[in-house]
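These numbers come from a predicted model, not from an experiment.
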Protein chains: 2
Amino acid sequence: MQRGHRRPGSTAALRVSNERAILRDLLSNGPATQSELARRTRLSNGSVSSIVKALRGRGMLETSSTVASGRRATLVTPRTASRTVAVGIDLGRSHIGIAVLKPGRELLLEKRVAMTPETPAEQALADVRQLLHASLGELERTTDDIAGIVFGVPGPVDRERGVVVDGTILPEWVGRSADDVSTALGIRVELANDADVGALAERAWGSGSEIDDFLFVKIGTGIGAGIVADGHLYTGGFGIAGEIGHSTVDPTGALCRCGNRGCLETVAATPVILQYLSEAFGRSVSRSELGELASTRHRATMRVVQDAGQALGQSIASAVNILGSKLVIIGGPLSETGDVLLDPVREGFARFAIPSVAERTRVELSRLGEAGSARGAASLAFDRADESAYLIDDADNILLSDVDNNSSAS
Amino acid sequence: MQRGHRRPGSTAALRVSNERAILRDLLSNGPATQSELARRTRLSNGSVSSIVKALRGRGMLETSSTVASGRRATLVTPRTASRTVAVGIDLGRSHIGIAVLKPGRELLLEKRVAMTPETPAEQALADVRQLLHASLGELERTTDDIAGIVFGVPGPVDRERGVVVDGTILPEWVGRSADDVSTALGIRVELANDADVGALAERAWGSGSEIDDFLFVKIGTGIGAGIVADGHLYTGGFGIAGEIGHSTVDPTGALCRCGNRGCLETVAATPVILQYLSEAFGRSVSRSELGELASTRHRATMRVVQDAGQALGQSIASAVNILGSKLVIIGGPLSETGDVLLDPVREGFARFAIPSVAERTRVELSRLGEAGSARGAASLAFDRADESAYLIDDADNILLSDVDNNSSAS
């Protein structure tokens with residue numbers, strides 16, 4: 001009956017809801033200056049300052065002096081003695097990644113295990129389950145400590161239908177829902193697209209941390225993009241935005257697995273590049289060999305990667321003409337070929353972007369590498385977690401009793 | 001010194017800021033149910049209900065019963081005896097449009113005057129000034145009653161640089177800033193892109209009113225798009241998102257005025273279609289004649305419009321693959337050719353969109369027609385108006401004294 005103290009719609013309730021917004025933001029996004037908090041929560045600077053003071057008085061926050069945009073500012077850091085964690089899973093064609101975060105995006109654990117592309121979905125899920133429990137054991141945590149799990153898959157996740165839809169590079173996964181995966185793992189998970197969680201990782205730890213409008217392009221077996229718009233992940237009306245792999249680069253080109261012709265994926269995805277090289281060499285060329293060939297600037301390899309890069313640059317230009325992104329971050333396995341890929345991407349981009357975009361939008365390689373996706377998924381898990389799942393609920397009681405005191409004192 | 005009553009960061013200040021958010025939303029967006037208000041302002045249902053009750057008590061709102069999503073709901077309507085208006089200007093190559101709105105998006109006046117494409121910018125600005133003052137006179141308003149003016153131009157408006165940039169169909173306007181235009185008009189205006197304000201008109205009065213994620217494509221002398229994402233206009237990092245006219249449909253095609261090759265505008269804008277027909281007929285074909293030819297389903301006209309439509313469909317598909325829009329609205333002068341244009345656009349779209357988009361995203365013609373842009377600009381003027389410019393500031397004093405009463409009563 002503790003909640004009964006709070007009259008719905010009362011000034012006290014308003015205060016609680018705003019304190020909650022601040023705590024939640026700090027737990028999810030980590031330390032921030034008071035002005036950043038005001039911007040992120042849409043509360044006034046005055047309100048934030050007052051709430052921070054009160055929460056600090058209760059030992060829930062720490063504040064320290066810092067400098068932001070050349071001015072003195074107050075940095076606010078959440079104090080959580082909690083055991084709460086969020087988990088991110090990154091499922092690929094040939095790997096499973098896991099990342100475990102504490103509130104404030106503090107990385108506790110990161111692991112990656114190899115998998116063969118032929119691994120059936122059921123086996124992959126059993127492997128994920130084992131990896132999850134091994135990781136929790138290592139951290140001396142249990143499933144009770146998990147605020148949320150986000151499971152990243154290399155394909156579009158349809159929010160309206162709640163399932164992985166056509167377009168994934170794992171055909172066995174089409175039609176699978178979060179419920180199916182949760183049942184197989186024995187714990188509640190949410191599904192997300194791998195490029196979307198990759199974009200969130202760039203937002204939290206990578207070169208997108210200071211840029212409110214950017215595009216993360218992941219190039220591997222498939223090609224997908226995650227969009228950050230006005231500082232937030234944008235997934236479109238159906239949850240499947242960012243399907244850059246199926247932009248048309250040649251209307252009369254090769255048939256694509258999506259059913260169209262001449263999609264970007266038919267000229268620039270890793271398997272296509274490997275196939276060109278394998279045909280030229282008369283033997284199978286592996287993904288790891290591609291990296292070696294590129295690093296020695298092998299002539300034929302340079303050429304196919306360059307052709308792919310130019311096509312990528314063209315598609316990225318069309319996307320950025322629409323989105324007006326300030327930054328494009330190239331990630332995924334193919335980005336490991338470095339400048340061999342980046343130079344022609346930049347060239348294609350400069351050629352096909354409108355001048356006012358071409359002049360200013362930067363195109364860079366991801367600095368996070370393969371680890372990004374699992375971490376980004378874990379960070380999304382905190383964002384999506386129900387507030388009852390982590391410390392906010394404990395805080396609620398403290399807040400409420402405190403607000404009642406405040407009210408009678410005012 | 002009235003403002004001195006409000007201690008920054010106090011609970012009273014928090015309350016005022018939330019009351020303000022609700023009033024501002026109602027003035028800008030018009031009547032809404034309490035749940036809609038909660039969603040739009042990100043306040044809790046309880047807070048909204050409490051604030052609405054208080055504001056109704058002060059005679060600032062009216063409430064009535066309604067039904068929303070099959071449930072009984074409370075409809076909240078702002079009561080403003082104010083003379084406040086917002087003005088939208090729509091400048092095209094061959095017209096000037098004006099719309100004047102009262103708070104709550106109520107249309108007071110709408111006018112459109114023809115202009116020759118050769119009209120110099122200075123003359124166009126003088127014409128706008130005259131139209132503005134004539135319109136105010138007709139409404140018995142003065143410039144003091146204007147909360148804001150948004151001036152829509154057919155070209156990208158760079159937010160970072162504050163000017164019209166390359167890509168506009170009015171080359172004389174490149175480099176002009178809001179300050180320049182304000183000086184010429186003798187009153188403060190903001191600049192905006194015509195497709196962006198067209199999208200806002202569709203959001204307020206057209207088929208986008210119920211759809212949070214849609215794309216408005218304006219086809220005329222140039223081709224531009226306005227993006228509504230998660231219910232809000234999205235203009236990208238530089239303010240110039242939506243440049244669909246410069247997506248590449250043929251990398252070896254005709255040179256475009258942007259400096260690239262084979263842009264959508266080189267095959268699908270109105271002047272290109274008129275030029276094809278003029279060449280075929282051996283005489284100049286006008287824009288109004290194009291409409292007549294299309295309505296009689298003239299064979300050569302059908303063919304060039306169809307080719308343009310298919311290219312449009314392809315570019316729209318690439319844009320929607322990235323954006324995941326649920327709806328595409330086609331507007332601008334060329335949309336007046338109706339199904340002659342719409343059918344091939346739909347065909348091209350279905351052919352080049354990924355299946356999960358092609359199946360669900362609808363492509364429609366705008367029902368608002370040419371009037372949309374000026375109205376959309378006026379609605380943006382309310383959204384952008386400084387709160388001191390309209391009734392909120394009067395309300396502030398009332399709110400503050402009231403909040404002080406509330407505080408002592410609690």
Side-chain angles (χ1 to χ4, degrees), chain A residues 8-11 13-15 17-18 42-44 46-51 53 156 158 165-167 211-214 225 227 229-230 234-244 246-248 251 258-260 314 317-319 321-326 351-352 354-357 360 406-407 410, chain B residues 8-11 13-15 17-18 42-44 46-47 49-51 53 156 158 165-167 211-214 225 227 229-230 234-244 246-248 251 258-260 314 317-319 321-326 351-352 354-357 360-361 406-407 410:
Chain A
S10 65
T11 315
L14 203 61
R15 174 87 180 188
S17 120
N18 289 328
R42 302 196 174 187
L43 293 170
S44 69
S47 306
V48 169
S49 154
S50 146
I51 291 174
K53 195 173 164 193
D158 189 316
V165 292
D166 244 355
I211 312 277
D212 278 350
D213 301 272
F214 69 86
I227 299 164
D230 287 339
Y234 180 63
T235 59
F238 308 114
I240 57 172
E243 286 298 303
I244 196 172
H246 302 284
S247 59
T248 307
C258 78
N260 291 339
Q314 179 183 335
S318 280
N321 282 348
I322 296 295
L323 289 168
S325 317
K326 286 187 154 179
R351 200 178 157 88
F352 291 102
I354 56 170
S356 46
V357 159
R360 283 181 292 175
N406 274 355
S407 302
S410 76
Chain B
S10 66
T11 316
L14 202 62
R15 174 86 180 190
S17 124
N18 290 327
R42 300 197 177 185
L43 294 171
S44 70
S47 306
S49 153
S50 147
I51 291 173
K53 196 173 163 191
D158 190 317
V165 291
D166 242 354
I211 312 277
D212 279 348
D213 301 271
F214 70 86
I227 299 165
D230 287 339
Y234 180 64
T235 59
F238 307 113
I240 56 172
E243 285 298 302
I244 196 171
H246 301 284
S247 60
T248 308
C258 77
N260 290 338
Q314 177 183 337
S318 279
N321 282 348
I322 296 294
L323 290 170
S325 317
K326 285 186 155 179
R351 199 176 158 90
F352 291 101
I354 57 169
S356 46
V357 159
R360 283 181 292 174
T361 299
N406 273 356
S407 301
S410 75

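Put simply, the side chain of D158(A) never gets that close to the backbone of I240(A): no donor and acceptor are under 3.5 Å apart.
Note that OH of Y234(A) and CG of L323(B) are 6.0 Å apart. Values are rounded to the nearest 0.5 Å.
Ranked by heavy-atom pairs under 4.5 Å with chain A, the first of K326(B), Q314(B), H246(B) is K326(B). Counting heavy-atom pairs closer than 4.5 Å to chain A, the top-ranked of the candidates E243(B), R351(B), R360(B) is R360(B). Contact count against chain A (heavy-atom pairs under 4.5 Å) is highest for T248(B) among I244(B), T248(B), I211(B). Highest contact tally toward chain B, considering only A229(A), P355(A), C258(A), is held by A229(A) [criterion: heavy-atom pairs under 4.5 Å].
Between I354(B) and V165(A) the shortest side-chain heavy-atom distance does not fall below 4.5 Å.
Only the side chain of I227(A) comes within less than 4.5 Å of a heavy atom of chain B; its backbone N, CA, C and O stay farther away. Only the backbone of S325(B) comes within less than 4.5 Å of a heavy atom in chain A; its side chain stays farther off. Using a 4.5 Å cut-off between heavy atoms, F352(B) contacts chain A through both its backbone and its side chain. Interface remark: D212(A) contributes no atoms to any contact with chain B (heavy atom separation under 4.5 Å).
Annotation: side chain to side chain donor-acceptor pair (under 3.5 Å) contacts of N260(A) (sequence neighbours excluded): none. With sequence neighbours left out, T235(A) forms a side chain to side chain contact (heavy atoms under 4.5 Å, CB included) with R159(A), D196(A), L233(A).
Contact detail for G236(A) and A241(A): the closest heavy-atom pair is N-CB, 3.7 Å.
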